[in-house]
Student: 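Got a structure for you, questions after.
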4 protein chains.
Amino acid sequence: MHRGNRHGRSETAREAVLQAADDLVAEIGYAKVTIEGIAARAGVAKQTIYRWWRSKTDILVDAFAADSVQELTLPDTGAFHTDLRAHLDELVRFLEVSDSGAVFRALAGQAQHDPELAARLRAEVLPRLRARDRVPFDRAAARGELPADADVDLLVDQVVGPIHFRVLVTGEPVTPALLDALVTGAARGRPEARTAAGTPGPRSGTGVGRSGGGEGC
Amino acid sequence: MHRGNRHGRSETAREAVLQAADDLVAEIGYAKVTIEGIAARAGVAKQTIYRWWRSKTDILVDAFAADSVQELTLPDTGAFHTDLRAHLDELVRFLEVSDSGAVFRALAGQAQHDPELAARLRAEVLPRLRARDRVPFDRAAARGELPADADVDLLVDQVVGPIHFRVLVTGEPVTPALLDALVTGAARGRPEARTAAGTPGPRSGTGVGRSGGGEGC
Amino acid sequence: MHRGNRHGRSETAREAVLQAADDLVAEIGYAKVTIEGIAARAGVAKQTIYRWWRSKTDILVDAFAADSVQELTLPDTGAFHTDLRAHLDELVRFLEVSDSGAVFRALAGQAQHDPELAARLRAEVLPRLRARDRVPFDRAAARGELPADADVDLLVDQVVGPIHFRVLVTGEPVTPALLDALVTGAARGRPEARTAAGTPGPRSGTGVGRSGGGEGC
Amino acid sequence: MHRGNRHGRSETAREAVLQAADDLVAEIGYAKVTIEGIAARAGVAKQTIYRWWRSKTDILVDAFAADSVQELTLPDTGAFHTDLRAHLDELVRFLEVSDSGAVFRALAGQAQHDPELAARLRAEVLPRLRARDRVPFDRAAARGELPADADVDLLVDQVVGPIHFRVLVTGEPVTPALLDALVTGAARGRPEARTAAGTPGPRSGTGVGRSGGGEGC
DNA sequence: TCTTAACCGAGACGGTACGTCCGGTCTTTTT
DNA sequence: AAAAAGACCGGACGTACCGTCTCGGTTAAGA
């Protein structure tokens, strides 16, 4: 069951590379990470990297996957409204402040220039995120809180799209006002578009700032 | 009184550089564009580029701004619903198929790795796009089609966010179904989330595929 | 005395350039002197330099000529032996320690790579130096201290050749022992080749070290 | 135990670089030789040159050393007079017409601007040349043709100095008349300064007849 | 037990592009 | 008309990484 060589690849080297890549992205930013730098930091030969990965983004996809193992299950609060809000708080935390969120943003950015990376993200990374995003909706459907013919993926796009838009494009923080509007819009069937002061909907303390300062957009 | 030199910079060189940059992005893709390549294509010395721009993204921001001069005014159809739909069709066309849309996607991607570029985009590029996105809403507010206390920017995020999300992140085409849902959601105060078959709302012929094939995210 | 233009060339600019060139060679060494540097130091436009000189060596030839105006006349000591020795002491001082000697060495060095400069040196600079080198011999001939058919230029080569050789090629200091040998060789018709200890001939205090340290050859 | 890498540098690349450098100096002259040009001609990456050499002169010193491997031994003619003349003929040939002589002249010239190169020449190149120049003198001393206390290095300077002076400084050809004078001067203990026709010493084909000459002092 | 094949570290190699410097030419404005 | 200013094209500089390629050493399956 090994891979055609005598003693297989070195798990030590693999982990050292993924760890080094993660650390370097956090320390110096994606743009300054080089394969030579990863190799040096990991104490590994360049050839060992090229033997198992095709590019630095390839490494980062693996590193991102390794980070995502901690798939914590969302608690079931019993109502669509609160379930969704809890999930969105978690999503914002991931996108804006977590280390793996920084990797995700870097990969999403790089995918704009690299069709191959884009394909790999769509095939391997996004489905997992989408599955999580669907959870509150699927539970709601099971409870009968959604119309039978609701297109859940379409609803998910409408809810998470504005969040990604703010994080990746405008760089504005995702405010509680936006989350309120999204949640009540999905729950009550219409977007909540009054000013924040006029919104008596459920509130949260989320509105966290981006950790790294200006590197969203 | 003058600006330190006697005859200032060469407009010829400036235009040649912006044109060359635009062309090269369209021909070989952002990732393969180099400053040396731009200089060669423009028939300009590298030093001339470095004298006036700091990086290739700096050039592209200028090139994008030059392209955007053709600020076509949106026709006023008389109703929020149709105004918004026309604008979104135009937005999708810009993001998915136009050359300057390709430049925009590249810049948005690069901004994930480059805080300085991100800041410049937020300061110079996005406000212009936002102004256009607001037009249908502002007209509707003037007509009394929106509540007096509506937060237009929040509404804009909810409508254009999912479109950018699909273009930049999932790479899925922006379907008429999504546009229908966004328009009717904004117009009638709730997202339209039934399956496409069950949605008899206003349709359009928009749902064009991305030109370049797989290069979305 | 000017050249047929309205205002003639600026003597101010000419002197500033020559002075700047001289200073820069003394301060940073010939190799690091650039035309841009000379222009900046002289407070002169680059074009002004290119209008009047063809290269930085061209400037230095002029600067060297300007320095050489102080053609001090050699005192006539009444005897070939002492005349020659006094002249050689002066020659060594020029070559090894003077600022204009540094310029001369730089030009002689550059002439190895630049035939045009070599030609100019042979046409304009060397004849003046040769004329000075001949003075002791011509006086001696006039006094009848030399055979009537002596080839003075050949004798000069034999006397100054070893001095230039040490300064330009070996980089060794020109010792009193060498000067003694050259003088007595020329005067008595044979080179003095005994060891320094065994040479009771006329001595001098010349043997100065090179100022700049190791920059001879 | 080993030196940090396992297979060391490429001898192929080293030889290609030295050969290319030699060829280029011969073809286009030292001043026009560039490291990029050498790299291109040698089919080698620039970085490979910078890994092993510090400058183009550093390459040429190596190339000169490689050329000098063909240390042909001087034939022993049995007499100082003829030995020395044969050696000087060889020396003039080297300095004036050989390819490696062109490299030597270029290095000697550059050394006027570059103390580091000057030091390297004095340490590595000149001692080998000096050793060859001493051969006729050392043989003569062994035969008893020179005084026991003769300072051979001083004699060498007196003999080869004028030759280098003509080659490097005045640019005049080294005539048989000069060589005759140097040889007979060294052999008979005095410089031969009469016109060639009046010189009864070893002859060359040159001389133009003038009046006969007597003996000087 | 002894080969031996695949892995590993190290790092030299041919390349490409970087960002800087300077050479020479040009154009504009001032003196 | 010459000078100051400085932008311009060209091209070499020396550096940083790219991705490929030996090397010599190590390790574990299989003879």
Side-chain angles (χ1 to χ4, degrees), chain A residues 2-10 12-13 32-40 42-52 54-56, chain B residues 2-10 12-14 32-40 42-52 54-56, chain C residues 2-10 12-14 16 32-37 39-40 42-52 54-56, chain D residues 1-10 12-14 32-40 42-52 54-56:
Chain A
H2 57 80
R3 330 177 132 57
N5 65 25
R6 283 294 200 272
H7 58 293
R9 81 188 273 187
S10 159
T12 307
K32 289 181 187 154
V33 174
T34 65
I35 289 191
E36 295 209 331
I38 295 172
V44 142
K46 259 200 313 181
Q47 183 57 43
T48 299
I49 292 183
Y50 282 106
R51 185 153 30 229
W52 302 111
R54 302 161 44 90
S55 63
K56 81 173 175 181
Chain B
H2 52 77
R3 343 190 282 297
N5 77 32
R6 294 303 208 277
H7 60 295
R9 75 190 279 187
S10 159
T12 306
R14 181 177 169 275
K32 289 182 187 153
V33 173
T34 65
I35 291 191
E36 295 211 329
I38 294 171
V44 144
K46 255 198 311 180
Q47 182 59 44
T48 298
I49 293 184
Y50 283 106
R51 184 155 28 232
W52 302 111
R54 301 163 45 89
S55 63
K56 80 174 177 182
Chain C
H2 55 78
R3 306 184 149 53
N5 58 27
R6 185 132 47 199
H7 313 294
R9 97 186 254 191
S10 160
T12 305
R14 180 176 171 276
K32 289 182 187 153
V33 174
T34 65
I35 290 192
E36 298 209 328
V44 142
K46 260 201 314 182
Q47 183 57 43
T48 301
I49 292 183
Y50 282 107
R51 184 152 29 229
W52 301 110
R54 302 161 45 86
S55 63
K56 81 174 176 182
Chain D
M1 180 181 309
H2 54 74
R3 1 188 271 296
N5 84 36
R6 299 305 208 280
H7 60 297
R9 73 190 281 186
S10 159
T12 305
R14 180 176 170 276
K32 288 182 188 154
V33 174
T34 65
I35 289 191
E36 295 211 329
I38 294 171
V44 144
K46 254 199 313 182
Q47 183 58 45
T48 298
I49 293 184
Y50 283 105
R51 180 149 41 225
W52 301 111
R54 300 160 46 87
S55 63
K56 80 174 176 182

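In what follows, chains carry the letters A, B, and so on, assigned in the order in which the sequence lines appear, proteins first and then strands, with residues in each chain numbered from 1.
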Student: Determine the minimum heavy-atom distance between D:Ala45 and D:Ala39, stating which atoms define it.
Tutor: C-CB, 4.4 Å
Student: According to side-chain hydrogen bond (donor to acceptor under 3.5 Å, both in side chains), who are the partners of C:Arg51, at least two apart in sequence or on a separate chain?
Tutor: none
Student: In B/S/- notation, 5' to 3', how is nucleotides 8-15 of chain F contacted by protein heavy atoms closer than 4.0 Å?
Tutor: BBB-SBBB
Student: Return the angle between end axes of the helix from E:dT1-F:dA31 to E:dT31-F:dA1, with five pairs used per end and rounding to 10°.
Tutor: 10°
Student: State whether C:Trp52 and C:Arg14 meet the cation-pi test: NZ (Lys) or CZ (Arg) under 6.0 Å from the six-membered ring centroid, and within 45° of the perpendicular axis.
Tutor: no
Student: Could I get the full list of side chain to side chain contact (heavy atoms under 4.5 Å, CB included) partners for B:Thr34, not counting sequence neighbours?
Tutor: B:Glu36
Student: Suppose we screen for side chain to side chain contact (heavy atoms under 4.5 Å, CB included). Which residues come up paired with B:Thr12, at least two apart in sequence or across chains?
Tutor: B:Ser10
Student: Taking all atoms of both residues into account, what is the closest heavy-atom pair of C:Val44 and C:Ala13, and its distance?
Tutor: CG2-CB, 4.0 Å
Student: Give me the atom names and distance for the closest heavy-atom approach of B:Val33 to B:Lys56.
Tutor: O-NZ, 2.9 Å
Student: Please report the distance, rounded to the nearest Å, between CD1 in C:Ile49 and P in E:dC22.
Tutor: 14 Å
Student: For C:Ala16, check side chain to side chain contact (heavy atoms under 4.5 Å, CB included) against everything at least two apart and list the hits.
Tutor: C:Ala42
